[in-house]
Amino acid sequence: MQKHYTYSAKAEGDPLTHTEWNNLAQDVDAAVEAINQGASGVVSVTDETESGGDPTVGVSIASGVQQIGSPKVIELTKKKKGVNTTITSENNINIEPRESVSDTKGGNISFKPGDDIEFCSHHRLAANQDEVSIKIIDGDDNPVKLQLNAAEMTLTTKDKTGNDANVFDINVNSGKNTKGYLKVRAQAIDLRCEEHGGIAL
């Protein structure tokens, strides 16, 4: 927001010119509009450079933020479970902490949920909404090893519907619709069936 009035102290009895009043009122009006816009749920990044704030021009702002296009940044939406704070973009969203350099570890990303962590498929193409694909890759999109450090793991089919609601399928593919090999290595492997189940080989 461009500022039209620069503060200067006045003593008792000093006049207030019409130009000073107009500039002051214009700044107050612009501040109220900006506050109201933020209260509506959208926070945007603007620019006051030679580009004139053209949203189609990539500009470097003093804070180091670059704006390309006209993305919505943060949006507050009211849902049946409360209010969602949504980070939106017209394309991808990257979260990138400090990189690892030499022997210095990079920055961590921490998720601290009060309840569940959800991956939703309903924004995908209609033909792909029956799955969510999570990729563990390097900078060139090549698959790399995933290390999971936990005390134990439970796999559940809770809320699954259909005739096989209690079946948890694990598929190993080396390509689309192409089966691959599964290797399990451990000091000991203990397979147990409960409630009169069985193991089929």
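Hydrogens, waters and symmetry mates play no part in the numbers below; they use all other heavy atoms, side chains included.
- Note that CD1 of Ile117 and NZ of Lys112 are 12.5 Å apart. Values are rounded to the nearest 0.5 Å.
- The shortest non-hydrogen separation linking Val172 to Tyr181 is CG1-O, 3.3 Å.
- In this structure, Ser100 and Gly106 approach most closely via the heavy-atom pair OG-N, 3.0 Å.
- For the atom pair Asp130 CG and Ser121 OG, the distance stands at 7.5 Å (nearest 0.5 Å).
- Within 6.0 Å of CD on Glu99 lie no more than 12 heavy atoms contributed by other residues, nucleotides or ligands.
- For Asp116 against Pro113, the heavy-atom pair with the smallest separation is O-CB, 4.0 Å.
- Side-chain atoms of Lys10 come within 3.5 Å of backbone N or O of Pro15 as a donor-acceptor pair.
- Closest non-hydrogen pair, Asn173 versus Asn177, comes out as ND2-N, 4.2 Å.
- Clustering ILVMFWY residues whenever any of their side-chain heavy atoms sit less than 4.5 angstrom apart, transitively, puts Ile95 in the very cluster that holds Phe111.
- With Asp14 contributing its side chain and Ala11 its backbone, the two residues share a donor-acceptor pair below 3.5 Å.
- Under a hydrophobic clustering in which Ile, Leu, Val, Met, Phe, Trp and Tyr are joined whenever their side-chain heavy atoms come within less than 4.5 Å, directly or via other members, Ile134 and Leu146 fall into the same cluster.
- Note that CG of Asn166 is 10.5 Å distant from OG1 of Thr156, once rounded to the nearest 0.5 Å.
- The heavy-atom pair separating Arg124 from Gln129 by the smallest distance is O-NE2, 3.0 Å.
- Shown here for Leu16 and Trp21, the closest heavy-atom pair between the two residues is CD2-CE3, 4.1 Å.
- There is a path of hydrophobic side-chain contacts, each under 4.5 Å, that joins Ile109 to Phe119.
- Val167 and Ile199 are assigned to two separate hydrophobic clusters, defined by single-linkage of ILVMFWY side chains at heavy-atom distances under 4.5 Å.
- Atom CG of residue Leu182 and atom CD1 of residue Ile170 lie 8.0 Å apart, to the nearest 0.5 angstrom.
- The CG atom of Asn142 sits 11.5 Å away from atom NZ of Lys135, with the distance rounded to the nearest 0.5 Å.
- Residues Asn171 and Lys179 meet the side-chain proximity criterion, which asks for heavy atoms closer than 4.5 Å.
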